[in-house]
Amino acid sequence: MELYGVMHTTFAAREFTSDPVPDATLFRILEHARFAPSGGNRQGWHVIVVRDRQTREALVACTEPAAKRYIAQVQAGESPWNSIDPTRVDAATVERTPVPARLTEPLLHAPVVLVVCVDLKVVASIDQHLSRVGVISGASIYPFVWYILLAARHEGYGGTITTLAVAQEPQLQALLGIPKHVAIGAVIPFGKPVKQLTRLTRKAVPEFARLERWDGAPLTQ
Ligand SMILES: Cc1cc2nc3c(=O)[nH]c(=O)nc-3n(C[C@H](O)[C@H](O)[C@H](O)COP(=O)(O)O)c2cc1C
């Protein structure tokens with residue numbers, strides 16, 4: 001596919017055909033994704049290819065607690081899991097909130113699940129001393145993650161970046177034998193999408209790009 005076509009149609013695929021994803025296909029996709037940038041070109045990424053049913057069930061169990069809170073906050077009109085505005089949703093409400101199947105089923109039914117990790121020993125986390133949640137470390141793993149999904153789209157495959165399970169990172173590390181200094185960036189159900197979306201909903205450029213300053217004039221054509 002042509003690059004802009006791939007960029008405009010790489011969506012969050014959650015339903016997959018039963019076509020298997022052979023290791024050779026994953027290898028080819030990673031062979032292209034490995035050209036992603038990372039801070040200092042340190043390439044701290046690691047990929048764990050999961051097909052085992054018990055491991056998938058454990059991934060679902062790790063996903064559920066964060067998913068409950070996510071959904072409860074959405075239902076309360078909040079922006080879920082944001083680190084700025086404290087939640088007004090109480091623990092009991094979170095606990096009794098059901099988790100929609102779309103947040104867990106792909107982990108069980110996708111032909112394969114990719115767990116993408118990053119070795120924090122090689123990441124320059126430049127914002128680590130600021131009094132806000134860190135974002136810079138992610139920039140050394142998410143270009144790679146997105147290259148995987150762009151290459152997948154190019155080849156007729158797809159997946160979704162999911163992060164809910166990472167709220168239980170210590171359990172994930174124990175489950176998969178990941179060392180403590182290695183963070184989990186994404187858990188990606190992956191396969192051949194049942195349906196290929198072609199129209200994604202995104203903001204228009206003038207809504208998010210400004211000239212010179214935060215409150216500058218919108219960038220237009
Ligand atoms: C950082 C990040 C975390 C995400 N976490 C989840 C998740 O835990 N579960 C899920 O189903 N989708 C998750 N998504 C997928 C987004 O919901 C999806 O990309 C967004 O709704 C746009 O979907 P579209 O590309 O199909 O329009 C995540 C996406 C990103 C970029």
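Just so it is clear, the structure is predicted and the values come from calculations on it, not from any experiment. The basis for the numbers below is simple: all heavy atoms, side chains too, and nothing from hydrogens, waters or symmetry mates. Order of listing sets the numbers, starting from 1, for every ligand and every atom in it.
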Novice: Would you say the side chain of Leu172 lies within less than 4.5 Å of the side chain of Leu59, judging by non-hydrogen atoms?
Specialist: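 Yes; the side chains approach each other to less than 4.5 Å.
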Novice: Which heavy atom of the protein is the closest neighbour of atom 28 (C) of ligand 1, given with residue, atom name and distance?
Specialist: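 The protein heavy atom lying closest is Ile161 O, 3.0 Å.
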Novice: Side chains of residues 1-8: which donor-acceptor pairs under 3.5 Å do they make with residues two or more places apart or in other chains?
Specialist:
| unit_1 | atom_1 | unit_2 | atom_2 | d |
| --- | --- | --- | --- | --- |
| Glu2 | OE1 | Gly5 | N | 3.1 |
| Glu2 | OE2 | Tyr4 | N | 3.3 |

Novice: Got the closest protein heavy atom to atom 10 (C) of ligand 1, with its distance?
Specialist: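 Scanning the protein heavy atoms, the shortest distance from atom 10 (C) of ligand 1 goes to Arg14 NH2, 3.6 Å.
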Novice: Starting from atom 20 (C) of ligand 1, which protein heavy atom do you reach first, and at what distance in Å?
Specialist: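 Sorting protein heavy atoms by distance from atom 20 (C) of ligand 1 puts Ala12 CB, 4.8 Å first.
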Novice: Mark yes or no: Lys192 above the aromatic ring of Tyr157, with NZ or CZ under 6.0 Å from the six-membered ring centre and no more than 45 degrees from the axis.
Specialist: yes
Novice: Could you tell me which atoms of ligand 1, counted from 1 in the order shown, lie closer than 4.0 angstrom to a heavy atom of Arg202?
Specialist: 22 (C), 24 (P), 25 (O), 27 (O)
Novice: Please walk me through it: do Phe144 and Leu30 pass side chain to side chain contact (heavy atoms under 4.5 Å, CB included)?
Specialist: CA-CA 9 Å; Phe144 173 70; Leu30 295 175; 4.1 Å; yes
Novice: Hey, are Thr9 and Arg153 close enough side-chain-wise for a donor-acceptor pair under 3.5 Å?
Specialist: yes
Novice: Sequence neighbours left out, cut at 3.5 Å: what donor-acceptor pairs do the side chains of residues 83-91 make with other protein atoms?
Specialist:
| unit_1 | atom_1 | unit_2 | atom_2 | d |
| --- | --- | --- | --- | --- |
| Thr87 | OG1 | Glu78 | OE1 | 2.7 |
| Thr87 | OG1 | Val89 | N | 3.0 |
| Asp90 | OD1 | Ala92 | N | 3.1 |
| Asp90 | OD1 | Thr93 | N | 2.9 |
| Asp90 | OD1 | Thr93 | OG1 | 3.0 |
| Asp90 | OD2 | Thr93 | OG1 | 3.1 |

Novice: Quick one: does ligand 1 sit under 4.0 Å from the side chain of Thr201, the backbone, both or neither, non-hydrogen atoms only?
Specialist: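 Neither; nothing of Thr201 gets under 4.0 Å from ligand 1.
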Novice: Within the 4.0 Å heavy-atom shell around Leu164, which atoms of ligand 1 are there?
Specialist: 8 (O)
Novice: Which residue and non-hydrogen atom of the protein lie closest to atom 3 (C) of ligand 1, and at what distance in Å?
Specialist: Thr163 OG1, 3.3 Å
Novice: In this structure, does ligand 1 have an atom that sits under 4.0 Å from one of the heavy atoms of Thr160?
Specialist: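 It does, in that a heavy atom of Thr160 comes within the 4.0 Å cut-off of ligand 1.
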